[in-house]
Undergrad: 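So that we are looking at the same thing, I have put the structure below in structure tokens.
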There are 2 protein chains.
Amino acid sequence: MEPADDGPEVLDEAAPGHADADHLDYLSFIDHAIGRATAERPDLDAAAMRMVLTLHRLASTVVYDLESTVHRPSGWTWPGFRLLFVLWLAGPMEAKRAAELSGTSRAAVSALANTLERDGLLGRRRDTLDRRSVRLSLTTAGRASISAAFGAHNAREQAWADTLTDDELATFNRLLDKLIQGPQATRANRRF
Amino acid sequence: MEPADDGPEVLDEAAPGHADADHLDYLSFIDHAIGRATAERPDLDAAAMRMVLTLHRLASTVVYDLESTVHRPSGWTWPGFRLLFVLWLAGPMEAKRAAELSGTSRAAVSALANTLERDGLLGRRRDTLDRRSVRLSLTTAGRASISAAFGAHNAREQAWADTLTDDELATFNRLLDKLIQGPQATRANRRF
DNA sequence: TCAGGATGATTAAATGTTTGACTAAATGAG
DNA sequence: CTCATTTAGTCAAACATTTAATCATCCTGA
């Protein structure tokens with residue numbers, strides 16, 4: 001990799017206000033970012049910025065934890081888990097519905113099904129009535145795998161939830177639900 | 001793609017309890033999943049399961065919204081935005097620190113920097129003291145881009161936050177903060 | 001001093017994601 | 001009935017992510 005030749009267009013010196021940026025980490029960066037951004041642009045909505053920034057970082061951290069401690073050691077990936085999870089709990093279904101329920105595109109389900117089928121965890125079958133459509137279902141091996149993995153998965157979920165009191169958890173779940181049932185979520189879920 | 005040959009190992013019929021799985025969507029699947037899973041395995045922690053499932057789906061939906069309405073139309077990706085955002089608000093820094101602050105691996109930052117450098121949004125410069133280390137900084141074009149994009153970004157954040165009342169938002173942010181400051185998050189953030 | 005071990009960055013290989021194009025099959029208006 | 005349109009799935013190209021291996025550089029202790 002060639003080092004950049006330090007042309008004049010590179011802002012190489014820290015701009016004023018970055019002086020305190022040296023003792024930051026993944027968590028404290030949130031406060032720093034909100035402070036810097038709103039100092040530079042007072043029109044920004046700080047509480048909304050905090051909500052999205054923290055929500056995203058928390059979700060990433062939880063997913064990384066589940067994937068690295070539960071699923072990768074069992075030989076599979078988070079996206080693979082998500083698709084098998086849907087099939088486990090809602091039964092065999094068309095690829096299109098699996099995409100809707102797992103929240104990705106049909107193309108991603110198609111690609112994902114390739115590896116999962118290769119690994120013997122799910123089966124594909126062309127529908128006889130509508131021959132465009134493909135029905136996905138767990139194999140017995142797939143069912144056994146996910147059923148076994150989900151115990152460990154839920155144990156980690158429980159450890160996370162234990163960070164909050166029972167009341168706080170109930171409140172948190174209520175607010176999550178309000179957000180995901182709200183107009184923005186309804187508007188946004190258009191991956192199809 | 002070859003249809004599976006419907007061998008006996010494929011669980012092709014819906015198991016009992018899947019009868020009501022036909023009128024599900026991305027949102028109502030959460031309730032269905034919790035009901036089915038706890039019916040099958042009463043030892044599971046339903047509230048914890050709900051928390052993680054909803055948290056993940058909400059975060060994915062918000063990110064997809066921001067990426068598809070704000071960032072992709074401007075010609076860049078969510079991961080690219082995240083890296084530039086860190087450089088914007090904390091100033092030039094080593095690649096290693098950029099990885100810590102943006103929450104990915106050093107390898108991912110290295111790959112991401114390739115495309116961003118190619119597109120003229122950031123510059124790389126070998127450190128003269130420690131010649132292993134590489135310093136990343138925004139170009140003026142990169143700075144202008146992110147500054148322009150962040151107005152629209154924050155407007156979408158605001159729309160999401162408006163789903164909650166002011167009190168609810170304050171509570172939600174407090175609980176997000178408690179979770180991300182808690183022992184699980186501290187334990188889990190070990191991507192380095 | 002210098003050999004062994006740590007550290008920063010990159011690359012490699014495998015996976016997964018997106019959008020957009022393409023194929024094949026079903027549907028529906030005339 | 002036929003032809004245009006819609007729909008399900010897949011493919012292709014561009015990107016991004018992970019872990020593991022590799023390379024170069026720095027540091028440390030005998």
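Both backbone and side-chain heavy atoms feed into the values below; hydrogens, waters and symmetry mates do not. Computed from a predicted model, the values in this text were never measured in an experiment. Proteins get letters first, then strands, A, B, ... in listed order; numbering begins at 1 in each.
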Undergrad: Roughly how many Å is it from CG in B/Asn114 to P in D/dT17, rounded to a whole number?
TA: 12 Å
Undergrad: Given D/dT10, is OP1 or OP2 found less than 4.0 Å from the side-chain N or O atoms of A/Arg124?
TA: yes
Undergrad: For A/Asp166, does the CG atom have more than 12 heavy-atom neighbours from other residues, nucleotides or ligands under 6.0 Å away?
TA: no
Undergrad: Looking at C/dT17, D/dA16, C/dT11, which one has an atom nearest to any side-chain atom of A/Arg82?
TA: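 The answer is C/dT17.
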Undergrad: Quick check for you: among D/dG9, D/dT18, C/dG8, whose closest atom lies nearest to any side-chain atom of B/Ser133?
TA: C/dG8
Undergrad: Can you find a side-chain donor-acceptor pair between B/Asp31 and B/Ser28 that sits under 3.5 Å?
TA: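 Side chains of B/Asp31 and B/Ser28: no pair found under 3.5 Å.
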Undergrad: Whole-Å distance between C/dA9 C1' and B/Glu100 CD?
TA: 14 Å
Undergrad: Between A/Asp65 (CG) and D/dT18 (C1'), how many Å, whole number?
TA: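 Rounded to the whole Å, the gap is 16 Å.
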Undergrad: Are the side chain of A/Arg50 and the backbone of A/Ile34 linked by a donor-acceptor contact shorter than 3.5 Å?
TA: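 No: the side chain of A/Arg50 does not pair with the backbone of A/Ile34.
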Undergrad: By nearest atom, which of the nucleotides D/dT10, C/dG16, C/dA6 is closest to the A/Pro79 side chain?
TA: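 That would be C/dG16.
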Undergrad: Nearest-Å distance, CZ (A/Phe81) to C1' (D/dT18)?
TA: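 Whole-Å distance recorded here is 18 Å.
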Undergrad: May I ask you to evaluate whether A/Arg135 reaches the phosphate of D/dG9, defined as a side-chain N or O under 4.0 Å from OP1 or OP2?
TA: no
Undergrad: For a quick test of reading the model: is some side-chain N or O of A/Ser68 closer than 4.0 Å to OP1 or OP2 of D/dT18?
TA: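 The answer is no; no side-chain N or O of A/Ser68 sits under 4.0 Å from OP1 or OP2.
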Undergrad: Which nucleotide in the list C/dT18, D/dG9, D/dA16 gets nearest to the side chain of A/Arg126?
TA: D/dG9
Undergrad: Find the distance A/Met93:CE to D/dA8:C1' and express it as a whole number of Å.
TA: 16 Å
Undergrad: Could you check A/Ala95 against A/Glu67 and say which one's nearest nucleotide on DNA chain D is further toward the 5' end?
TA: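 Its nucleotide being nearer the 5' end, the pick is A/Ala95.
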Undergrad: Within the 3.5 Å criterion, strictly below it, is a donor on A/Trp76 or A/Asp119 matched to an acceptor on the partner's side chain?
TA: no
Undergrad: How close or far is atom C1' of D/dT17 from atom CG of B/Leu83, stated in whole angstroms?
TA: 14 Å
Undergrad: On DNA chain C, compare the nucleotides closest to A/Leu112 and A/Thr128; which residue's is nearer the 5' end?
TA: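 Its nearest nucleotide being more 5', the pick is A/Leu112.
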Undergrad: Categorize B/Leu129 for me: base, sugar-phosphate, or nothing, with a 4.0 angstrom heavy-atom threshold over every strand shown.
TA: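 If one applies the 4.0 Å heavy-atom cut-off, B/Leu129 turns out to touch the sugar-phosphate alone, with no base involved.
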Undergrad: Kindly point out which of D/dT19, D/dG9, C/dT19 is positioned nearest to the side chain of B/Tyr64?
TA: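 Of D/dT19, D/dG9, C/dT19, C/dT19 is nearest to the side chain of B/Tyr64.
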Undergrad: Which residue, A/Asp119 or A/Asp130, contacts DNA chain C at a nucleotide closer to its 5' end, judged by nearest heavy atom?
TA: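 Counting from the 5' end, the first nearest nucleotide belongs to A/Asp119.
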Undergrad: Below 4.0 angstrom from OP1 or OP2 of D/dC26, is there any side-chain N or O of B/Arg131?
TA: yes
Undergrad: Starting from the 5' end of DNA chain D, give me the residue, B/Ala111 or A/Ser110, whose nearest nucleotide shows up first.
TA: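 Result: A/Ser110.
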Undergrad: Please determine if a side-chain N or O atom of B/Thr104 lies less than 4.0 Å away from the OP1 or OP2 oxygen of D/dA16.
TA: no
Undergrad: Could you tell me how far apart A/Arg106 (CZ) and C/dA24 (P) are, to the nearest whole angstrom?
TA: 17 Å
Undergrad: A/Leu116 has an atom CG; how far is it from atom C1' of C/dA14, in whole Å?
TA: 14 Å
Undergrad: Start with the C-alpha gap between B/His153 and B/Phe85, add the side-chain angles, then the distance that decides, and say whether ring pair (Phe, Tyr, Trp, His ring centres under 6.0 Å) holds.
TA: CA-CA 11 Å; B/His153 180 100; B/Phe85 179 75; 7.0 Å; no
Undergrad: What's the closest nucleotide to the side chain of B/Arg132 if the choices are C/dA25, D/dT17, C/dA6?
TA: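 Closest nucleotide among those given: C/dA6.
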Undergrad: Looking at D/dC15, I'd like to know if its phosphate oxygens (OP1 or OP2) sit under 4.0 Å from a side-chain N or O belonging to B/Thr115.
TA: no
Undergrad: If the threshold is 4.0 Å, N to carboxylate O, is there a salt bridge linking B/Arg132 and B/Asp127?
TA: no
Undergrad: So, OP1 or OP2 of C/dG16: does either fall under 4.0 Å of a side-chain N or O from A/Arg72?
TA: no
